[in-house]
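Chain letters run A, B, ... following the sequence lines, proteins first, then strands; residues in each count from 1.
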Amino acid sequence: MTISELIVLPFADYAFMKRALAACLIVSIGGAPLGFFMNLRHMALLGDAMSHAILPGVTLAFLFFGLSVLPMTVAALATGLLVALAAFTLTRITTLKEDSSFTLIYLVCLAFGVVMISRSGTNIDLIHILFGNILALGDGSLLLAAGVACFSVVAVCLFYRGFVIECLDTDFMRASGGGRNVHGMIFFVLVVLNLVASFQVLGTLMSLGLMVLPAIAARFWTCRVDTGILVSLAIAALSSVSGLLISYHAGLPAGPSVVLVVGAFCIASIVIGRHGSVRSYLLRS
Amino acid sequence: MRDRRSFDILGGDAVSHAAITLQDVSVRYGRVDAVQDVSATFIEGSLTAVAGPNGAGKSTLLKAMAGVLKPTSGQIIVDPCFVGRVAYLPQASSLRRDMPISVLEAVCTGYWPQFGERLGIGGICVNRAREALDAVGLSGFEGRALAALSGGQFQRLLFARLILQDAKILLLDEPFTAIDGDTTAKLISIILEWHKQGRTIVCVLHDLLLIRKYFPESFVLAGKCMGRGHTHTMFEQKLLSYDLDMAELQTGYEPQQVLHTHDHL
């Protein structure tokens, strides 16, 4: 088996592999920069909760409009805003802490979404929604993901400085913005949009796989925000290619293979990375 | 100049220029009505200490003045000349020390209110940032990571950022808490420098020695306004006192008794 057979042919010969690769790369380009900011803001888990919490909205849109892009996006945004609002309000006016209120809401939402799907659809739908549909993505989903990615890249470039400062010091941003945190809101909308795009590729259970995990690995290789974003992009892209190839050659499910490869990058980075890794811990002591 | 201004807070000098005016301001913090019906005028160029027991609503009031919290009733009026020129230093800064950026970059965020996303933070600005770091005694720390700073160095960094913000109104919430004497002296000298430049400063603090020594005006808060005016008057009236029983402060004084200024408001 030549190298070209191993690496190039699967993508050259099969349209579904091409589409899967395109989808993964698109999701990486849109999501990885945001994922890096999410890590900096300590909202990796919160984003994960969010990705499950939007399920009922997405399902509702799916049941009424089928797999069409606009209703799903609008529904996801609306559910996301509603969930965030509910969680933050609960945190503010009751003794519930943020993690508890988010966990409560996302678990209930996830369960509710699953019940809704299984009452009205077939089992295939449920599997697709939970684990994604990477090998059979329609044009609509691909275009949605591409649109979201373009939008995110442009937004991150335009608001880069604001995003960094907002990560660094939320209160400072709020005080300078006359009490409003515009960048926080823009960031939130971008995250939800990318969740919707990623949701169809990797499913609700792993939609953060190409957003947050590459950033976790990247953090061990650089002490800067800009290079960190580039490194996470590179890791996401590399994982997409190698994950899909592994799944093709070994006959494994595609989405989880990609996530597993990112996971492997994370573990390797944690062990041998340049900053704050196990290696630097051992070298110091 | 400074004396005339100091006098203004007490009396109805028509020329005096209010930088921030509070009109019957109430603010809720969480589920507590932390500040109730506070009215006050902070004259342009004044240097005011806000004192009062823990839980008196000092931080909440400052947050509201900074625009971070919305008052539940009443109005906070910032003079139109100073809108957008207000800087706020919270008691516990939300600045994340695990961010992968350098001390110099963190200080440069002080340019945000002025520049926003616009380009043009060039060499002159970076030089000014270095000067600011120098002024707070952090020269040589430019390239350090934020996580490597001690508590006092961190507070110095926040002051360097305030210098770059070039704000006309500065709201400082307990800037000297858990700070050693050297750092406190340094930061006080910066505050006095700002005062000399005619900036309006409102500073929450507990240390009565510092208040007496450096702050011409004070404002005593315990949910409501307990009194305000010249600092030495506040000491004479035992509103500020080294052996003050704070419980007495909360109940023993009727605000009308001590608010000479209430009439002209």
Do NZ/NE/NH1/NH2 and the carboxylate oxygens of B:Glu105 and A:Arg161 come within less than 4.0 Å?
no
Heavy-atom check, side chain of A:Asp169 versus side chain of B:Arg161, under 4.5 Å
yes
Going by side-chain contact (heavy atoms from CB on, under 4.5 Å), B:Pro100 matches just one of A:Asp226, A:Leu40, A:Thr222, A:Thr227. Which one?
A:Leu40
Can you confirm whether A:Phe172 sits close enough to B:Trp112 that some side-chain heavy atom of one is under 4.5 Å from a side-chain heavy atom of the other?
yes
Shortest non-hydrogen contact between B:Asp98 and A:Arg219, atoms and distance
O-NH2, 2.9 Å
For the backbone of A:Asp171 and the side chain of B:Ser94, can you confirm whether one donor and one acceptor N or O come within less than 3.5 Å of each other?
yes
Within a strict 4.5 Å, meaning less than it, do heavy atoms of the A:His183 and B:Glu117 side chains meet?
yes
What part of A:Tyr160 gets within 4.5 angstrom of chain B, counting heavy atoms only: side chain, backbone, both, or neither?
backbone
What part of B:Ser102 gets closer than 4.5 Å to chain A, counting heavy atoms only: side chain, backbone, both or neither?
neither
With a cut-off of 6.0 Å (strictly less than), are more than 12 heavy atoms of other residues, nucleotides or ligands near CZ of B:Phe82?
yes
Kindly check if the number of other-residue, nucleotide or ligand heavy atoms within 6.0 Å of CZ (A:Arg274) is above 12?
no
Please report the shortest heavy-atom distance between B:Met99 and A:Val164, naming the atom on each side.
CE-O, 3.7 Å
Can you tell me which portion of B:Arg85 sits under 4.5 Å from chain A's heavy atoms? Options are side chain, backbone, both or neither.
neither
If I measure from the heavy atoms of chain A, does B:Leu89 come under 4.5 Å with its side chain, its backbone, both, or neither?
neither
Kindly check if the number of other-residue, nucleotide or ligand heavy atoms within 6.0 Å of CG (A:Leu282) is above 12?
yes
Between A:Leu168 and chain B, which part of the residue has a heavy atom less than 4.5 Å away: side chain, backbone, both or neither?
both
Can you tell me if B:Phe115 has over 12 outside heavy atoms packed within less than 6.0 Å of its CZ?
yes
Spatial distance of atom NE2 (A:His42) from atom CZ (B:Arg96) [nearest 0.5 Å]
4.5 Å
Chain B heavy atoms under 4.5 Å from A:Thr94: which part of the residue, side chain, backbone, both or neither?
backbone
Could you check whether any side-chain N or O of A:Arg224 sits under 3.5 Å from a backbone N or O of B:Ile101, counting only pairs where one atom can act as donor and the other as acceptor?
no
